[in-house]
Participant: 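Starting off with a structure, shown below.
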Amino acid sequence: MLVGTLQIKCYAPYVHSLKEKRMIVKSIIGKLKNKFNVSVSEVGQQDTHQTIIIGVAAIADSTAQCDSVLDHILDFIEANCEAEMMEVIREIR
């Protein structure tokens, strides 16, 4: 059993309030949970309205499967979120 994790930092310059940010974060988290069946949470900078940091954890049988799931998650976020991905920390254990 392998656990793959992602920490994704996004920048959304168009967000002007925490309420607006929460709507975006809840939408991303809900879509990721439904589509990929992974654990997702906002893991940092919750009081900063233009910075979004999301943590994702997925379990897989092999390194190749884990890499594939994490790649699909990154592609999905890039396609479905207007925020710009600034940094991605990826780890498989």
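On a predicted model such as this, the values are computed, not experimentally measured, just so you know.
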Participant: Using a 3.5 Å distance criterion without hydrogens, assess whether the side chain of Ser17 forms a donor-acceptor pair with backbone atoms of Glu20.
Facilitator: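 It does hold such a pair.
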Participant: Working to the nearest 0.5 angstrom, can you tell me the gap between Ser41 OG and Ile53 CD1?
Facilitator: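 It is 11.5 Å, given to the nearest 0.5 Å.
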Participant: How long is the straight-line distance from CG of Leu6 back to CD1 of Ile54, given to the nearest 0.5 Å?
Facilitator: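 Between Ile54 CD1 and Leu6 CG, I get 10.5 Å after rounding to 0.5 Å.
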Participant: Are more than 12 heavy atoms from other residues, nucleotides or ligands located less than 6.0 Å from atom CD of Gln65?
Facilitator: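 More than 12 heavy atoms, drawn from other residues, nucleotides or ligands, come within 6.0 Å of this atom.
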Participant: Could you tell me whether Glu91 and Arg93 make a salt bridge, using a distance below 4.0 angstrom between a side-chain N and a carboxylate O?
Facilitator: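 Counted as a salt bridge, because a side-chain N and a carboxylate O are separated by less than 4.0 Å.
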Participant: Can you tell me how far the CZ atom of Arg90 sits from the CG atom of Leu74, to the nearest 0.5 Å?
Facilitator: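 Between Arg90 CZ and Leu74 CG, I get 6.0 Å after rounding to 0.5 Å.
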Participant: Looking at Tyr11, is its backbone amide N or carbonyl O close enough to the side chain of Gln50 to form a donor-acceptor pair, meaning the two atoms are under 3.5 Å apart?
Facilitator: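 Not at all, since once roles are kept as given, no pair shorter than 3.5 Å links the two residues.
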Participant: Is it true that, when you exclude Met23 itself, more than 12 heavy atoms of the residues, nucleotides or ligands shown sit nearer than 6.0 Å to its CE?
Facilitator: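 No, not enclosed.
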Participant: Mind listing the closest non-hydrogen atom pair of Ile92 and Leu70 along with its distance?
Facilitator: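 Here Ile92 and Leu70 meet closest at CG1-CD1, 4.2 Å.
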Participant: Report the distance from atom NZ of Lys21 to atom OH of Tyr14, rounding to the nearest 0.5 Å.
Facilitator: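 It comes to 11.5 Å.
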Participant: Identify the heavy atoms of Ile29 and Glu42 that sit nearest to each other, and give their distance.
Facilitator: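 It is CD1-N, 3.8 Å.
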Participant: Specify the closest pair of heavy atoms between Cys66 and Ala58, including all atoms of both residues, with the distance to one decimal.
Facilitator: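 Looking at all heavy atoms of both residues, the shortest contact is SG-O, 4.4 Å.
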Participant: Check this for me: Asp75, atom CG, are more than 12 non-hydrogen atoms of other residues, nucleotides or ligands nearer than 6.0 Å?
Facilitator: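 Enclosed: over 12 neighbouring heavy atoms sit under 6.0 Å from CG of Asp75.
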Participant: Check Asp61 against Leu2 and note the closest heavy-atom contact, atom names and distance.
Facilitator: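 So the minimum-distance heavy-atom pair works out to O-CD1, 4.4 Å.
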